[in-house]
Q: 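Before I ask anything, let me first share the structure, which is written out below as structure tokens.
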Amino acid sequence: MNVTIVGAGKVGTFLAKDLHEAGHNVLVIERDETLVAHLSHEIACRWLVGDGCELSTLATCGLSECDVLVASTGDDEDNLVTSLLAKQEYAIPRVIARVNHPKNHWLFTPAWGVDVAVSTPHLISSLVEEAVSVGSIVRLLQFSRSGARLVEVTLAPGSPAIDRTIEELALPRSASVVAVVRDGDLAVPRGDTLLREADEVICLTTDETDDAIRIALIAQPLVTKSE
């Protein structure tokens, strides 16, 4: 896979090293020439000194062959501009952008060329909710293009799903249970899988099927928590 990373800070450097060692073809774009000279001796991927926000830099990278671009600088404005150029000018299939300040998260959408926005505070918040939210929906992952998302519900006492099979939940076609975590073990469920109290049920859902998931697993009004 051809991966372009813009920004060689701690995040970008870690990604470059990890992906390169995994066998991917990695290019890192960084404007600091001294930093590139230092890191290029540690990580044997391709390096380019330049500004990822400028078309002249991107034009020299061969982005037409790029599968994934990661905008990982410490500046949200730079990450947005890079994402927009990558998507509009080069139609890169998948653009992942780092969100440095949570208040800017709302900007990181497909309108700015972003397929996946990664915000550390939001990820931590989701993990905390996942750990403590029994009997409520916790959003784990949003798929920007389709609007689909992964959500998790830990079955509380009294849940209508307890002692029922997946098939008996009668979920609509566009909603499905994709995994069940029980006693720390992950299982891919089948139609005859019987749900139990305290099971962590992971579902694929959309705006149209949120109510069906809520009724089947919780059966009470609640507010879906965002990531």
Side-chain angles (χ1 to χ4, degrees), residues 68-71 76 79-80 83-84 86-88 91-156 158-162 164-181 186-191 193 195 197-227:
V68 179
L69 181 137
V70 182
D76 285 343
N79 290 340
L80 283 172
S83 298
L84 186 62
K87 184 65 71 174
Q88 288 194 346
I92 292 177
R94 192 162 184 82
V95 176
I96 301 170
R98 173 187 177 188
V99 184
N100 295 280
H101 302 289
K103 66 179 182 179
N104 295 331
H105 193 270
W106 67 276
L107 287 167
F108 287 72
T109 66
W112 275 94
V114 178
D115 296 308
V116 179
V118 181
S119 168
T120 300
H122 285 82
L123 290 175
I124 294 174
S125 176
S126 291
L127 292 172
V128 170
E129 287 180 341
E130 180 184 359
V132 302
S133 298
V134 176
S136 61
I137 290 179
V138 177
R139 186 177 299 179
L140 303 178
L141 178 64
Q142 180 81 30
F143 300 95
S144 300
R145 288 183 177 178
S146 64
R149 54 186 168 269
L150 283 177
V151 299
E152 183 265 341
V153 177
T154 300
L155 299 184
S159 166
I162 295 174
R164 299 181 68 187
T165 65
I166 300 294
E167 186 175 15
E168 289 173 334
L169 296 180
L171 295 174
R173 285 181 175 271
S174 53
S176 61
V177 177
V178 297
V180 175
V181 180
L186 177 70
V188 178
R190 299 180 298 182
T193 298
L195 297 176
E197 182 181 330
D199 279 354
E200 297 172 41
V201 183
I202 300 173
C203 305
L204 184 65
T205 184
T206 64
D207 287 338
E208 291 74 22
T209 56
D210 272 350
D211 283 344
I213 294 291
R214 183 176 69 245
I215 292 169
L217 301 180
I218 303 171
Q220 62 183 16
L222 58 96
V223 175
T224 302
K225 298 177 182 179
S226 61
E227 72 255 17

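Numbers here simply count residues along the sequence, with the first being 1.
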Q: Measuring only between side-chain heavy atoms, which start at C-beta, is Asn100 closer than 4.5 Å to Asn79?
A: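 Side chain of Asn100 against side chain of Asn79, heavy atoms only: contact under 4.5 Å found.
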
Q: Rounded to the nearest 0.5 Å, how far does CD1 of Ile213 lie from CG of Leu204?
A: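 Answer for the CG-CD1 pair, Leu204 versus Ile213, is 8.5 Å.
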
Q: Grab the two heavy atoms, one from Leu107 and one from Trp112, that are nearest each other, plus how far apart they are.
A: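 It is O-CD1, 3.2 Å.
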
Q: Nearest heavy-atom pair of Ala156 and Glu197: which atoms, and what distance?
A: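 Smallest interatomic distance, heavy atoms only, reads C-CG, 4.4 Å.
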
Q: Using side-chain heavy atoms (C-beta onward) and a distance below 4.5 Å, is Val118 in contact with Arg98?
A: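 A side-chain contact is absent here, since even the closest heavy-atom pair is not under 4.5 Å.
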
Q: Pairing donors with acceptors under 3.5 angstrom, does anything connect the side chains of Glu167 and Thr165?
A: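 There is no such pair between these side chains.
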
Q: Do side-chain atoms of Asp76 reach the backbone of His101 as a donor and acceptor pair under 3.5 angstrom?
A: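 Indeed, once roles are kept as given, a pair shorter than 3.5 Å links the two residues.
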
Q: To check you understand the geometry: which heavy-atom pair defines the closest contact between Ala198 and Thr154, and what is its length?
A: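 Heavy atoms only, the tightest pair is O-CG2, 3.9 Å.
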
Q: Could you tell me which non-hydrogen atom of Thr206 sits nearest to which non-hydrogen atom of Ser174, and how far apart they are?
A: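 Distance-wise, the nearest heavy atoms are CG2-O, 4.5 Å.
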
Q: Which atom pair, heavy atoms only, marks the closest approach of Ala117 to His105?
A: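 Shortest heavy-atom separation between Ala117 and His105 comes out as CB-NE2, 4.1 Å.
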
Q: In terms of side-chain geometry, is the basic nitrogen of Asp210 or Arg149 positioned less than 4.0 Å from the acidic oxygen of its partner?
A: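 Here Asp210 pairs with Arg149 in a salt bridge, since their nearest N and O are under 4.0 Å apart.
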
Q: Test side chain to side chain contact (heavy atoms under 4.5 Å, CB included) on Val177 and Leu171 and set out the steps.
A: CA-CA 9 Å; Val177 177; Leu171 295 174; 3.9 Å; yes

Q: Of Val188, Val201, Leu150, which is the lone residue that meets side chain to side chain contact (heavy atoms under 4.5 Å, CB included) with Val178?
A: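 Of the listed residues Val188, Val201, Leu150, the side chain to side chain contact (heavy atoms under 4.5 Å, CB included) partner of Val178 is Leu150.
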
Q: Ignoring hydrogens, what is the shortest heavy-atom contact between Pro160 and Ala216? Give both atom names and the distance.
A: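 The pair with the smallest heavy-atom distance is CG-O, 3.4 Å.
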
Q: Would you call Val181 and Asp199 a side-chain contact if the rule is heavy atoms closer than 4.5 Å?
A: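 No; the side chains remain at least 4.5 Å from each other.
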
Q: Side chain of Asp115, backbone of Val95: donor and acceptor closer than 3.5 Å?
A: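 Indeed, once roles are kept as given, a pair shorter than 3.5 Å links the two residues.
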
Q: For Arg190, give me all partners under salt bridge (Lys or Arg N to Asp or Glu O under 4.0 Å), at least two apart in sequence or on another chain.
A: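 Arg190 satisfies salt bridge (Lys or Arg N to Asp or Glu O under 4.0 Å) with Asp192 once adjacent residues are dropped.
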
Q: Hey, what do you get for OG (Ser119) to CG (Asn104), rounding to the nearest 0.5 Å?
A: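 Between Ser119 OG and Asn104 CG, I get 9.5 Å after rounding to 0.5 Å.
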
Q: Using side-chain heavy atoms (C-beta onward) and a distance below 4.5 Å, is Val180 in contact with Leu195?
A: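 Yes - at least one pair of side-chain heavy atoms lies under 4.5 Å apart.
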
Q: Taking C-beta and beyond as the side chain, do Leu169 and Leu217 meet within less than 4.5 Å on heavy atoms?
A: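 Side chain of Leu169 against side chain of Leu217, heavy atoms only: contact under 4.5 Å found.
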
